[in-house]
Amino acid sequence: MRILVVEDERRLAELLKDGLTREGFAVDLAHDGHEGLWMATEQPYDVIVLDVMLPGLHGYALCARLREAGNWTPILMLTAKDGEYDEAEALDTGADDYLSKPFSYVVLLARLRALVRRGARERPAVLAVGDLRIDPAGLRCSRGDVQIALTPKEFAILHCLARRAGEVVAKSELLARAWDFAFDGDSNVVEVYISALRRKIDKPFGRATLTTVRGAGYRLEG
């Protein structure tokens, strides 16, 4: 899952990125409102963590612009302010949740997971492709009654394929969903993870549901 953190306190932003990356998220950072708005409109995200007090464009305005443009990515607002009017303004401009600084990282993580669950309004919280089950909020995968252990990157790629089950998903899209905005490594890394996924979700079960469409991408079928 991919998160955009829009936070001008660079030390806090880096700490959040480090922590969330360890939890399996792909994290992009923006340090002012205009940069955050551009990134939020140019790339798909599962959740946006948005500070209120930002240079250039404050968080309330950024949130309002996204909602006016029809972008309903779940937003968790962070602010040093505290009080019912600040919370009301955050929610009135379209934020989904609100957390005052200083905050508990454990609470932040729990709220982000809740937003991921709530954000999937058009699709079930647990994705089903045949007897394969993918739980994005719990980062769990199973086939039938058998639990399958996946690395964070393997899960991110499988989650993307499951959301588009039956369709061909390009390698570039898998890169965009599973790696952060600044990734400039070899795109063939996707093939390595696809091979690893086949060894885990298909081979032990005598299946061939994850296929390569030569020159186009990959497809997950039930």
Side-chain angles (χ1 to χ4, degrees), residues 1-5 17 19-28 39-40 43-49 71-76 96 109-181 183 185 187-205 207-213 216-222:
M1 288 169 285
R2 194 166 181 180
I3 293 182
L4 173 63
V5 176
K17 180 174 183 176
L20 293 171
T21 298
R22 285 195 296 271
E23 296 293 333
F25 294 102
V27 184
D28 292 331
M39 293 179 71
Q43 298 288 331
Y45 291 98
D46 294 288
V47 184
I48 298 172
V49 178
N71 184 325
W72 292 98
T73 302
I75 293 176
L76 172 65
D96 298 272
L109 190 58
R111 292 193 178 190
L112 288 176
R113 286 175 173 155
L115 287 179
V116 169
R117 289 193 294 269
R118 272 188 267 159
R121 296 186 186 93
E122 319 83 32
R123 58 187 185 273
V126 177
L127 303 179
V129 184
D131 64 346
L132 188 66
R133 298 289 185 272
I134 299 99
D135 177 4
L139 296 178
R140 288 186 291 268
C141 174
S142 63
R143 191 179 283 283
D145 295 327
V146 180
Q147 293 293 318
I148 302 171
L150 300 178
T151 69
K153 283 290 185 287
E154 290 168 352
F155 190 92
I157 291 172
L158 182 61
H159 181 221
C160 183
L161 290 165
R163 289 173 64 174
R164 301 268 302 279
E167 301 177 23
V168 176
V169 181
K171 183 188 294 185
S172 59
E173 183 174 344
L174 294 174
L175 277 171
R177 296 295 292 172
W179 278 265
D180 64 37
F181 192 70
F183 178 77
S187 64
N188 289 330
V189 68
V190 173
E191 296 171 10
V192 174
Y193 282 96
I194 291 291
S195 295
L197 279 171
R198 288 193 181 111
R199 290 195 298 271
K200 292 183 177 183
I201 70 169
D202 277 349
K203 189 175 180 180
F205 305 93
R207 308 291 180 84
T209 59
L210 181 49
T211 59
T212 300
V213 181
Y218 306 94
R219 179 169 54 218
L220 180 67
E221 300 180 288

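Quick note: residue numbers are just sequence positions, from 1.
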Please walk me through it: do Phe205 and Ile148 pass side-chain contact (heavy atoms from CB on, under 4.5 Å)? CA-CA 11 Å; Phe205 305 93; Ile148 302 171; 3.9 Å; yes
So, for Glu167 and Arg219, which heavy atoms are closest and what is the spacing to 0.1 Å? O-CG, 3.4 Å
Quick one about Thr73 and Arg2 (side-chain donor to acceptor, distance below 3.5 Å, no hydrogens or angles considered), yes or no? no
Give a yes or no answer on whether the side chain of Lys171 reaches the backbone of Asn188 with a donor-acceptor pair at less than 3.5 Å. no
What's the separation between atom CZ in Arg164 and atom OH in Tyr218, rounded to the nearest 0.5 Å? 14.5 Å
The single option from Ile134, Ile194, Leu127 that satisfies side-chain contact (heavy atoms from CB on, under 4.5 Å) with Leu161 is Ile194
So CZ of Arg140 and CZ of Arg133: to nearest 0.5 Å the spacing works out to 14.0 Å
Could you tell me which non-hydrogen atom of Gly24 sits nearest to which non-hydrogen atom of Pro152, and how far apart they are? CA-CB, 3.4 Å
Residues forming a side-chain contact (heavy atoms from CB on, under 4.5 Å) with Ala196, sequence neighbours excluded: Glu154, Arg199
Distance-minimising heavy-atom pair for Leu112 and Ile3: CD1-CD1, 4.0 Å
If you take all heavy atoms of Phe155 and Asp135, which pair is closest and at what distance? CZ-O, 3.3 Å
Could you check Thr212 against Arg198 for side-chain contact (heavy atoms from CB on, under 4.5 Å), going step by step and ending with a plain yes or no? CA-CA 11 Å; Thr212 300; Arg198 288 193 181 111; 2.6 Å; yes
Please answer whether the main-chain N or O of Ile201 pairs with a side-chain N or O of Arg143 as donor and acceptor at a distance below 3.5 Å. yes
Rounded to the nearest 0.5 Å, how far does CG of Asp202 lie from OG1 of Thr209? 3.5 Å
Could you tell me which residues satisfy salt bridge (charged side-chain N to carboxylate O under 4.0 Å, His left out) with Arg207, sequence neighbours excluded, listed by chain and number? Asp131
Between NE2 of His159 and CG of Leu150, what distance do you get to the nearest 0.5 Å? 12.5 Å
Nearest 0.5 Å, what's the CE-CG distance between Met1 and Leu20? 10.5 Å
Is the shortest heavy-atom distance from the side chain of Met39 to the side chain of Asp28 under 4.5 Å? yes
On a heavy-atom basis, which atom in Pro74 and which in Asp46 lie closest, and how many Å separate them? CD-O, 3.3 Å
Just how far is it from atom OH of Tyr45 to atom CG of Asn71, taken to the nearest 0.5 Å? 11.0 Å
